[in-house]
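Side chains included, hydrogens not; waters and symmetry mates left out as well; all remaining heavy atoms used. Remember, it's 1-based here, ligands and their atoms both numbered in the order they're listed. Remember, it's a predicted structure, so these values are computed and weren't measured experimentally. The first residue of the sequence shown is numbered 1, and numbering continues consecutively from there.
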Amino acid sequence: MSGFDYDLFVIGAGSGGVRAGRIAARYGAKVAVAEEYRVGGTCVIRGCVPKKLFVYASKFAEEFEDAVGFGWASEKVSFDWASLVENKDREIDRLNKAYIRNLEAAGAELIQERATVADPHTVLLASGRKLTALYILVATGATPFVPRHLPGHELAITSNEAFHLERLPSRIVIVGGGYIAVEFAGIFSGLGVETVLVCRGEQILRGFDDDIRNHLAGEMKKKGIEIRTQANVASIERSGDGVRVGLNDGARFGAGQVMFATGRIPNVLGLGLENAGVELTPHMAVKVDSLSRSSVPSIYAVGDVTNRVNLTPVAIREGHAFADTVFGGKEVKVDHALIPTAVFSQPEIGTVGLTEVQARQGYRAVDIYKTSFRPMKHTLSGRDERMLMKLVVDGESDRVLGCHICGPDAGEMAQLLGIVVRMGAKKSDFDATMAVHPTAAEELVTLREKWTG
Ligand code: FAD
């Protein structure tokens, strides 16, 4: 230590900040971590974890229906939103405490207040205290974007509030076409809420493989979700105890709630980064190099605030790599290529690697293998749902460039496919692998016919 209060001051105790703080402390650094809301950050408190718990909750309605085909007679079942929220909150409290314990066990000091940057080595706490550090790590995450130009925007909720609604509306309009929008559409619809998804693009889930996007949209519609593409919300007005949502095409909906899932913006507002001369990207994210260092040598940034790949495991990896590099004496760069990912839509998506469109842009010959089938469970449940699997292969080298799945357990499959694709597996490796029978995943190793369209 050289005249500073701390070796490292982390702003934000979310996925990236907590990992960085813990690892740096383990290397012997004197670390403080400031958090203005709840330790654990978006993922634990109001993102991945509560979202997945809600997804589980919302699937039971179909499970009860499907069970009948297997001989079960379900007597009258009912759902209580308040107990779901209460049980979810208990689990989030448990995780929040575990995060606090882990930080403290690592020897990091937790400061439960807002911190801003005063200069390249000084942070200012909300209480007015100033603290200095050799390094500052900005790990403040992102926040839901709300289109404030829109009349009535203040009547809408975002994912933050969706986790704490006092009661379920009978109808909801969700604005957005990204993964958070489609996940919440599945959640609300599964819980019996009439759900309308309003999306600006020509299809939901921009950036995903087109076949997967179309397949998911079709399956969501079968579940009764109304998807209105190429539509924009023009106005929101209060109506009774709900809202009235007007679209630019003249359509109007009455609903109990309207929710914006219209993207997320890096948390840089009021953070004082300009006091230190930290440069931002045109998207208002902290601009960093491959070692997560900002334009100011003593200030680093990891996670969503850098708007690279906005996922929890990425923020964690970036936080860890930062600590290894700055305090562990080994330079570690995070590889942002071939990140497997899941969308907990209903049905689920699991994907890794290039979409067909991306592959055709970068490769001379692209082979497509795909299959759509009825999952075995639905032969008895009678449910009209299909699963889609698609492999994108370099026709010259036979290397598998992308795998895209929409159907039950697709997220679990994506984790393993992520290893395989990263290792550079060829289609012939898939073919040579014995099937696991009877599973849905076996279709991945039994795809023989090239798709000719
Ligand atoms: P965060 O986890 O957001 O942590 C930032 C922390 O900084 C917050 O706790 C915040 O309160 C605090 N903070 C901000 N400013 C200050 C300040 N000035 N002083 C003190 N503290 C401050 N990712 C996945 O991988 N899988 C998923 O299934 C998934 N689902 C999601 C679902 C939803 C609804 C949302 C919103 C996100 C989801 N994500 C998912 C994304 C994931 O949550 C983020 O990528 C991840 O949390 C980013 O971690 P982070 O450390 O960058 O920021």
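- A salt bridge is defined here as a Lys NZ or Arg NE, NH1 or NH2 lying under 4.0 Å from an Asp or Glu carboxylate O, and K370 with E443 fails to meet this definition.
- Ligand 1 places these atoms under 4.0 Å from at least one heavy atom of A34: 20 (C), 21 (N).
- Closest to atom 7 (O) of ligand 1 among all protein heavy atoms lies G12 CA, 3.2 Å.
- Heavy-atom proximity to G303, at under 4.0 Å, picks out these atoms of ligand 1: 52 (O).
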With side-chain hydrogen bond (donor to acceptor under 3.5 Å, both in side chains) as the test, would you mind laying out the steps for E183 and S345 before giving the verdict? CA-CA 5 Å; E183 288 177 341; S345 47; over 6 Å; no

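- Relative to atom 36 (C) of ligand 1, the option among R114, R264, E318 with the closest non-hydrogen atom is R264.
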Just distance, no hydrogens or angles: give the donor-acceptor pairs under 3.5 Å from side chains in residues 253-261, sequence neighbours left out.
none

Checking side-chain hydrogen bond (donor to acceptor under 3.5 Å, both in side chains) for the pair S292/R308: CA distance, chi angles, key distance, verdict? CA-CA 10 Å; S292 296; R308 286 175 281 183; 3.1 Å; yes

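- Residue L311 has at least one heavy-atom neighbour below 4.0 Å for each of these atoms of ligand 1: 23 (N), 24 (C), 25 (O), 45 (O).
- For atom 19 (N) of ligand 1, the closest non-hydrogen atom on the protein side is A115 N, 3.0 Å.
- The ring pair (Phe, Tyr, Trp, His ring centres under 6.0 Å) contacts involving residues 99-133 comprise F4-H121, where partners must be two or more places apart or lie in separate chains.
- With hydrogens left out, the protein atom closest to atom 33 (C) of ligand 1 is G47 CA, 3.5 Å, a heavy atom.
- Comparing heavy-atom distances from atom 27 (C) of ligand 1 across K52, E113, K51, R308 singles out K51 as nearest.
- With a 4.0 Å cut-off on non-hydrogen atoms, I180 touches ligand 1 through its side chain and not its backbone.
- Taking each of D304, T143, I45 in turn, the one with a heavy atom nearest to atom 44 (C) of ligand 1 proves to be D304.
- Regarding atom 53 (O) of ligand 1, its nearest protein heavy-atom neighbour is G141 CA, 3.2 Å.
- Distances from atom 49 (O) of ligand 1 to the heavy atoms of A20, A315, S159 put A315 nearest.
- Using 4.0 Å as the threshold, N310 has a heavy atom nearer than that to some atom of ligand 1.
- Here the heavy atom of the protein found nearest to atom 20 (C) of ligand 1 is E36 N, 3.3 Å.
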Run the side-chain hydrogen bond (donor to acceptor under 3.5 Å, both in side chains) test on N214 and Q203 for me, step by step, so that the C-alpha distance in whole Å, both residues' side-chain angles and the decisive distance to 0.1 Å come before the verdict. CA-CA 7 Å; N214 295 333; Q203 185 53 287; 3.0 Å; yes

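- K221 NZ: more than 12 foreign heavy atoms inside a 6.0 Å radius.
- Less than 4.0 angstrom separates some heavy atom of L271 from each of these atoms of ligand 1: 18 (N).
- More than 12 heavy-atom neighbours from other residues, nucleotides or ligands sit within 6.0 angstrom of CZ on F79.
- Taking each of I316, T312, L124 in turn, the one with a heavy atom nearest to atom 25 (O) of ligand 1 proves to be T312.
- Counting only heavy atoms of the protein, atom 51 (O) of ligand 1 lies nearest to G16 N, 2.8 Å.
- Here the shortest heavy-atom distance to atom 43 (O) of ligand 1, taken over G14, C43, P313, belongs to C43.
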Stepwise salt bridge (Lys or Arg N to Asp or Glu O under 4.0 Å) check, E226 with R228: CA-CA 6 Å; E226 183 177 343; R228 299 186 73 111; 3.1 Å; yes

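- Under the 6.0 Å cut-off for aromatic ring centres, F163 and F184 qualify, their centroids lying closer than that.
- With T116, T42, I11 as candidates, the residue nearest to atom 1 (P) of ligand 1 on a non-hydrogen basis is T42.
- Atom CG of residue L124 and atom OG1 of residue T116 lie 4.5 Å apart, to the nearest 0.5 angstrom.
- Around atom CD of E237, more than 12 heavy atoms belonging to other residues, nucleotides or ligands sit under 6.0 Å away.
- In this structure, atom 37 (C) of ligand 1 lies nearest to the protein heavy atom Y179 OH, 3.6 Å.
- Atoms of ligand 1 lying under 4.0 Å from at least one heavy atom of Y37, given by number and element, are 11 (O).
- Here E35 has heavy atoms under 4.0 Å from ligand 1 in both its backbone and its side chain.
- At a cut-off of 3.5 Å, with distance as the only test, no side-chain donor of R383 or S381 sits close to an acceptor on the other residue.
- A salt bridge is defined here as a Lys NZ or Arg NE, NH1 or NH2 lying under 4.0 Å from an Asp or Glu carboxylate O, and R317 with D324 fails to meet this definition.
- Of the protein's non-hydrogen atoms, C48 SG, 3.3 Å is the one closest to atom 29 (C) of ligand 1.
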